[in-house]
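This report concerns only the one structure given below.
Only a predicted model underlies this, so the values are computations on that prediction, with no experimental measurement involved.
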Amino acid sequence: QKDLDDFVNFMRIQLSREYKGGELEKKISSIKADLLDKLIEDRLILQEANKNKLRVDDSRVKAKVNEIRRRYDSDTDFQRDLLSQGLVQADIEKKVREQLLIYSIIDERVKPKITIRPDEVTAFYNNNIKDFISEEARELEVIALENEGLAKSFSYDLKRGEKLTDLAVRYPLTVNKLNVASKDELKKEIKDAVFKLNIDEVSDPLKIEDKYYVFKLDNIIPPRKLSLSEAQEKIHAFLFEQKMQEEFTKWLDEIKKHAYIKMTNA
């Protein structure tokens with residue numbers, strides 16, 4: 001039970017990068033039912049890793065823990081969150097080490113069995129051609145400024161037809177090029193601002209976090225069918241992941257055949 005509770009708390013910390021508050025707890029509740037099975041499977045895989053005398057460098061564990069810590073504003077916040085979950089840093093290091101061992105044994109035992117032939121990629125492309133039509137995309141210039149007054153003045157001057165290169169001399173700004181499609185994971189306010197622009201049109205300033213952004217639409221790229229060469233990397237990754245899951249399931253089922261597993265209600 002303690003292992004299960006610690007696992008839930010570890011998952012809560014892992015998921016805290018993507019989810020907050022009630023949304024985080026809802027996500028935890030949705031996966032809780034499967035966590036016991038996951039915990040058992042992890043134990044079996046770890047046994048295989050230990051039987052094969054696999055080891056994980058301390059530097060990799062430390063790097064992963066530091067990656068988790070960087071999600072917090074300070075080390076104090078990180079330690080406080082650990083304490084609230086009934087954990088200490090050693091618990092996190094242990095769980096991270098176990099995860100890395102699991103990845104290592106899977107890489108050693110499952111991954112080498114997977115091959116993707118060129119004809120498989122071609123067949124998948126021909127059978128799913130509708131999935132390889134690109135969305136209409138927009139080419140933008142994104143100009144960031146430090147405060148609202150500057151952003152409004154800059155947007156006004158750019159709308160009047162002044163050149164961006166000339167304005168860059170007068171305004172403290174940064175400029176980036178961006179290609180976006182409607183399916184991209186953008187904030188709603190950015191999508192609303194960007195997708196109502198016509199070519200060469202300039203948006204009003206939009207505040208995002210602590211900066212103000214002005215968008216200028218340079219071009220609209222119409223939908224088109226991706227060629228096989230353009231799509232093959234994505235197809236290869238999809239087929240590899242699919243076969244990886246199939247081989248992993250077969251490998252894990254074979255391990256389970258030789259294991260004694262008993263679950264009882266506490």
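- Note that CD of E162 is 9.5 Å distant from OH of Y156, once rounded to the nearest 0.5 Å.
- Clustering ILVMFWY residues whenever any of their side-chain heavy atoms sit less than 4.5 angstrom apart, transitively, puts L178 in a cluster other than the one holding L164.
- Residues S84 and D81 bring a donor and an acceptor atom of their side chains to less than 3.5 Å of each other.
- Two residues are said to be in side-chain contact when any heavy atoms from C-beta on lie closer than 4.5 Å; K243 and E120 meet this criterion.
- A distance of 8.0 Å separates CZ of F132 from CG of L226, quoted to the nearest 0.5 Å.
- Taking both residues in full, the closest heavy atoms of F195 and A181 are given as CZ-C, 3.5 Å, listed atom of the first, atom of the second, then distance.
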With a 3.5 Å cut-off and sequence neighbours excluded, list the donor-acceptor pairs that the side chains of residues 92-106 form with protein atoms.
unit_1, atom_1, unit_2, atom_2, d
E93, OE2, Q89, NE2, 3.2
K94, NZ, E98, OE2, 2.9
K95, NZ, E98, OE1, 3.4
R97, NH1, V56, O, 3.1
R97, NH1, D58, OD1, 3.3
R97, NH2, D58, OD1, 2.9
S104, OG, L100, O, 2.9

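- Note on D204 versus K159: salt bridge recorded, some NZ/NE/NH1/NH2 to OD/OE distance being below 4.0 Å.
- Using a 4.5 Å cut-off on side-chain heavy atoms (C-beta onward), R170 and D157 make contact.
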For this session: Determine, stepwise, if the pair E254 / K257 fulfils salt bridge (charged side-chain N to carboxylate O under 4.0 Å, His left out).
Result: CA-CA 5 Å; E254 191 61 31; K257 286 180 185 178; 3.5 Å; yes

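- The hydrophobic clustering, which links ILVMFWY residues whose side-chain heavy atoms are closer than 4.5 Å, places L36 and I261 together.
- Taking both residues in full, the closest heavy atoms of E48 and K51 are given as OE2-NZ, 2.9 Å, listed atom of the first, atom of the second, then distance.
- To the nearest 0.5 angstrom, L46 atom CG is 7.5 Å from R43 atom CZ.
- The two residues S155 and S203 have their closest heavy-atom pair at OG-O, 2.9 Å.
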For this session: With salt bridge (charged side-chain N to carboxylate O under 4.0 Å, His left out) as the test, would you mind laying out the steps for E247 and K250 before giving the verdict?
Result: CA-CA 5 Å; E247 287 295 333; K250 285 195 290 186; 3.3 Å; yes

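- In this structure, CD1 on I116 lies 5.5 Å from NE2 on H236, to the nearest 0.5 angstrom.
- The main-chain N or O of G149 is found under 3.5 Å from a side-chain atom of N147 such that the two form a donor-acceptor pair.
- If you chain together hydrophobic residues whose side chains sit under 4.5 Å apart, V121 and F240 fall into the same group.
- For the ring pair (Phe, Tyr, Trp, His ring centres under 6.0 Å) test, residues two or more places apart in sequence or in another chain that qualify with F238 are F124.
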For this session: Go through V202 and F154 one step at a time and tell me if the side-chain contact (heavy atoms from CB on, under 4.5 Å) criterion holds.
Result: CA-CA 10 Å; V202 177; F154 170 83; 5.9 Å; no

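- Under a hydrophobic clustering in which Ile, Leu, Val, Met, Phe, Trp and Tyr are joined whenever their side-chain heavy atoms come within less than 4.5 Å, directly or via other members, V142 and V175 fall into different clusters.
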Please list every donor-acceptor pair under 3.5 Å in which a side-chain atom of residues 208-223 meets a protein atom from a residue at least two apart or in another chain.
unit_1, atom_1, unit_2, atom_2, d
K216, NZ, D218, OD1, 3.1

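- Scored by the salt bridge (charged side-chain N to carboxylate O under 4.0 Å, His left out) test, E201 finds no partners at all (sequence neighbours excluded).
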For this session: Would you check, one step at a time, whether the test side-chain contact (heavy atoms from CB on, under 4.5 Å) holds for R224 with E230?
Result: CA-CA 12 Å; R224 66 182 183 86; E230 290 174 307; 2.6 Å; yes

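- When the salt bridge (charged side-chain N to carboxylate O under 4.0 Å, His left out) test is applied to R70, no partner is found at least two apart in sequence or on another chain.
- Within the structure, the salt bridge (Lys or Arg N to Asp or Glu O under 4.0 Å) test picks out the following pairs touching residues 99-109 (sequence neighbours left out): D107-K111.
- A distance of 8.5 Å separates CD in E41 from OG1 in T249, rounded to the nearest 0.5 Å.
- Minimum interatomic distance between G86 and D91 (heavy atoms only, all atoms of both residues): O-OD2, 4.3 Å.
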Exercise. What's the verdict on salt bridge (charged side-chain N to carboxylate O under 4.0 Å, His left out) for D77 and R80, showing C-alpha distance, side-chain angles and the deciding distance?
Worked result: CA-CA 5 Å; D77 289 341; R80 186 185 298 119; 2.7 Å; yes

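- More than 12 heavy-atom neighbours from other residues, nucleotides or ligands sit within 6.0 angstrom of CG on N66.
- Hydrophobic clustering of Ile, Leu, Val, Met, Phe, Trp and Tyr side chains at less than 4.5 Å, counting indirect connections, keeps L158 apart from L197.
- Note that CD of Q79 is 9.0 Å distant from CG of L83, once rounded to the nearest 0.5 Å.
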